[in-house]
2 protein chains.
Amino acid sequence: MSGPQISSVWLREPRQSARASGRSREEIVRATLELLDAEGLDGLSMRKLGAKLSAGATSVYWYVENKDELLELAYDAIWGEISLPVPEEAGWRETSSTFAHSMRAVILAHPWMAALLGRLPALGPNALAMADLMRRSFRQAGFQGLDIDYANTTLTAYVFGMVIPEVAWQQTMGAEEIDPKEMRETFARVAKDFPDLLDRLTEVNDLPARTVREISFDFGLVSVLDGLEARLHRSRESPFSL
Amino acid sequence: MSGPQISSVWLREPRQSARASGRSREEIVRATLELLDAEGLDGLSMRKLGAKLSAGATSVYWYVENKDELLELAYDAIWGEISLPVPEEAGWRETSSTFAHSMRAVILAHPWMAALLGRLPALGPNALAMADLMRRSFRQAGFQGLDIDYANTTLTAYVFGMVIPEVAWQQTMGAEEIDPKEMRETFARVAKDFPDLLDRLTEVNDLPARTVREISFDFGLVSVLDGLEARLHRSRESPFSL
DNA sequence: ACCTGAACACCGTTCAAGT
DNA sequence: ACCTGAACACCGTTCAAGT
């Protein structure tokens with residue numbers, strides 16, 4: 001009847017009784033998010049969370065099988081902060097673009113998310129709603145069958161892959177004020193045998209790093225969308241080519 | 001003279017004396033890689049590594065400032081496994097494609113890499129050599145100035161973003177044999193309110209998951225390269241448009 | 001120059017016991 | 001139904017001390 005399953009909070013019934021006398025799931029998630037936002041992923045421990053809830057060190061284990069389940073709850077809660085247009089009105093390019101930018105913004109605002117991206121099952125209601133909407137958008141664009149999924153995966157991969165290093169960078173820079181001039185010198189020393197890398201140093205004319213990252217994000221996003229659009233046109237010409 | 005720096009093994013002199021009487025860096029890295037490949041990222045601890053080197057629990061701290069430095073060494077060692085064509089001969093599309101596929105293969109072979117992608121500074125010799133070669137490739141393609149960097153970042157982000165979830169998936173599936181039929185039923189239950197997501201279930205006609213992931217990777221890769229190429233043509237027509 | 005061991009301040013998780 | 005505390009088996013890192 002039941003072999004091993006993917007293990008996820010969302011695949012089992014909450015242990016709570018109907019007439020909850022204990023803590024509610026929202027209460028626990030709220031405390032978890034506060035801890036994560038304040039102290040980062042390493043700052044969240046079951047003991048601290050217990051304390052924050054004025055409970056024992058291991059009380060949370062009654063509500064949650066393990067720490068990963070807790071993170072799943074927090075993870076999905078954050079996806080709830082993303083708001084997307086109606087694809088049938090906005091069109092697939094604008095929907096994709098809004099999706100990408102707003103995902104980026106939300107992750108930068110909750111940097112602990114970066115370490116979770118792609119690592120936790122995304123089966124919560126908010127994640128599912130997003131996935132559903134994005135599929136609608138790509139279907140409406142003209143993709144069919146598995147291509148809907150591939151297009152969505154491509155876009156999401158791009159966003160994940162851009163934002164993860166961006167968070168790391170933000171973290172490093174935020175830690176202590178780093179002198180950009182000195183950083184450049186250090187880099188020049190390390191890269192001394194790599195002429196093409198050194199060229200970059202002359203090319204980063206003094207735009208603020210944040211601006212460069214935003215331009216970079218847009219550059220790649222437009223490329224990805226252009227690439228998807230090109231495929232769309234090709235498959236329209238010969239819909240059975242693959 | 002010296003403010004705070006980015007902290008990296010590659011930015012300081014190795015503590016070793018000229019006539020090394022102790023362990024060599026290679027020895028330590030080799031042991032680290034063995035531990036990581038055998039037991040994963042969580043399986044690596046300073047104590048276990050000490051034991052593997054027939055040394056005390058904290059001996060490695062003489063060679064390395066902290067665990068992150070150790071991971072930096074392992075990280076760069078893996079990039080050494082990637083071999084790329086000469087871009088001037090292969091052309092930028094083939095170079096990019098080889099880069100992407102071989103990066104993916106190497107990470108899937110060393111799954112612990114996934115958690116490190118984009119999180120550690122990539123300042124080791126192998127990482128720098130790769131970055132240098134990819135810049136050469138994109139410059140030769142016709143990109144100029146910061147666009148060289150943007151193109152490279154876009155491609156790398158795509159690969160990172162695709163591979164991270166793939167490793168997670170591989171991990172889940174490898175752990176215990178999961179019945180695909182049952183998984184599908186479970187998913188149908190969770191996604192019952194999302195019509196477009198449910199459609200996917202009918203579309204994943206029984207291709208093996210591994211094949212689907214490979215097709216998916218290629219789909220996205222071609223899209224990204226097409227998108228970059230489109231930009232290349234645009235900027236050739238009006239090179240000063242941006 | 002290189003290595004050790006004890007010690008500090010933590011972890012996640014289990015489980016018997018309480019109410 | 002919900003919570004507690006002790007206990008287990010770990011961590012990374014510091015540091016005085018050894019050779």
Side-chain angles (χ1 to χ4, degrees), chain A residues 7-9 12-29 31-32 35-36 38-75 112 115-116 119-120 171 175, chain B residues 7-9 12-29 31-32 35-36 38-75 112 115-116 119-120 171 175:
Chain A
S7 131
S8 164
V9 226
R12 57 169 188 77
E13 295 305 312
R15 228 175 177 192
Q16 199 136 9
S17 66
R19 37 171 183 84
S21 87
R23 268 96 179 166
S24 71
R25 196 170 252 193
E26 292 96 76
E27 232 178 316
I28 291 173
V29 173
T32 305
L35 220 35
L36 286 168
E39 307 189 30
L41 195 58
D42 290 343
L44 173 72
S45 77
M46 299 305 265
R47 286 163 222 258
K48 278 193 208 163
L49 181 59
K52 193 171 189 97
L53 291 164
S54 323
T58 57
S59 306
V60 186
Y61 280 98
W62 198 84
Y63 297 90
V64 121
E65 211 73 62
N66 50 46
K67 199 185 178 182
D68 269 358
E69 287 202 359
L70 195 62
L71 290 174
E72 277 190 273
L73 295 173
Y75 190 64
W112 49 270
L116 270 32
R119 289 185 42 228
L120 295 177
Q171 227 95 291
Chain B
S7 131
S8 163
V9 225
R12 56 169 188 78
E13 295 306 312
R15 230 181 178 185
Q16 200 136 8
S17 66
R19 36 166 187 88
S21 87
R23 268 95 178 167
S24 72
R25 198 171 250 191
E26 291 95 76
E27 232 178 315
I28 291 173
V29 173
T32 305
L35 219 36
L36 286 168
E39 307 189 31
L41 194 59
D42 290 343
L44 174 72
S45 78
M46 300 306 265
R47 286 163 221 259
K48 277 193 209 163
L49 181 59
K52 192 171 190 97
L53 291 163
S54 323
T58 57
S59 306
V60 187
Y61 280 98
W62 199 83
Y63 297 91
V64 122
E65 212 74 63
N66 51 45
K67 198 184 178 184
D68 269 358
E69 287 203 358
L70 195 62
L71 290 174
E72 277 190 272
L73 295 173
Y75 190 63
W112 49 270
L116 270 31
R119 289 185 42 228
L120 294 177
Q171 226 96 289

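Each chain gets a letter, A, B and so on, in the order the sequences are listed, and its residues count up from 1.
- Distance, B:E27 CD to C:dC2 C1': 13 Å, rounded to whole Å.
- Looking only at side-chain heavy atoms (C-beta outward), B:K67 and B:L44 come within less than 4.5 Å of each other.
- Rounded to whole Å, atom C1' of C:dC2 lies 10 Å from atom CZ of B:R15.
- In this structure, A:S45 reaches the sugar-phosphate backbone alone: every heavy-atom distance under 4.0 Å involves primed, P, OP1 or OP2 atoms, never a base.
- Only the C1' atoms considered, C:dC8 is 12 Å distant from D:dC11, to the nearest whole Å.
- Nearest heavy-atom pair, B:L53 versus B:E27, reported as atom, atom and distance to 0.1 Å: CD2-O, 4.1 Å.
- For the pair B:Y63 OH and D:dG12 P, the computed distance is 19 Å after rounding to whole Å.
- Between A:D42 and B:T58, the residue whose closest nucleotide on DNA chain C is further toward the 5' end is B:T58.
- Separation of the P atoms belonging to D:dC2 and C:dA17 is 22 Å when rounded to the nearest angstrom.
- Nearest to the side-chain atoms of A:R23 among the listed nucleotides D:dT13, D:dC3, C:dC11 stands D:dC3.
- Smallest separation of non-hydrogen atoms from B:N66 and B:Y61: CA-CE2, 4.1 Å.
- Listed nucleotides: C:dC3, D:dT14, D:dT4. Nearest to the side chain of B:W62: C:dC3.
- Judged by Watson-Crick or G-U wobble contacts below 3.5 Å, the nucleotide C:dA1 has D:dT19 as its partner.
- Residues A:L73 and A:V9 form a side-chain contact, since some pair of their non-hydrogen atoms from C-beta on lies under 4.5 Å apart.
- In this structure, A:N66 places its CG atom 17 Å from P of C:dC11, rounding to the nearest Å.
- Between A:A57 and B:A57, the residue anchored closer to the 5' end of DNA chain D is A:A57, taking for each the nucleotide with the nearest heavy atom.
- Applying the Watson-Crick and G-U wobble criteria (two distances, each under 3.5 Å), D:dT14 pairs with C:dA6.
- Among the heavy atoms of the strands lying under 4.0 Å from A:L44 are primed sugar atoms or P, OP1, OP2 only; no base atom is included.
- Closest contact between the side chain of A:K67 and the listed nucleotides C:dG12, D:dC3, D:dT13 involves C:dG12.
- A distance-only check finds no donor-acceptor pair linking the side chain of A:D68 to the backbone of A:L71 [under 3.5 Å].
- Rounded to whole Å, atom P of C:dA16 lies 17 Å from atom OH of A:Y61.
- Rounded to whole angstrom, the span from the CG atom of B:L49 across to the P atom of D:dT13 amounts to 12 Å.
- Going from atom CE of B:M46 over to atom C1' of C:dT4 covers 15 Å, rounded to whole Å.
- The nearest whole Å value for the distance from the CZ atom in B:R47 to the P atom in C:dT4 is 14 Å.
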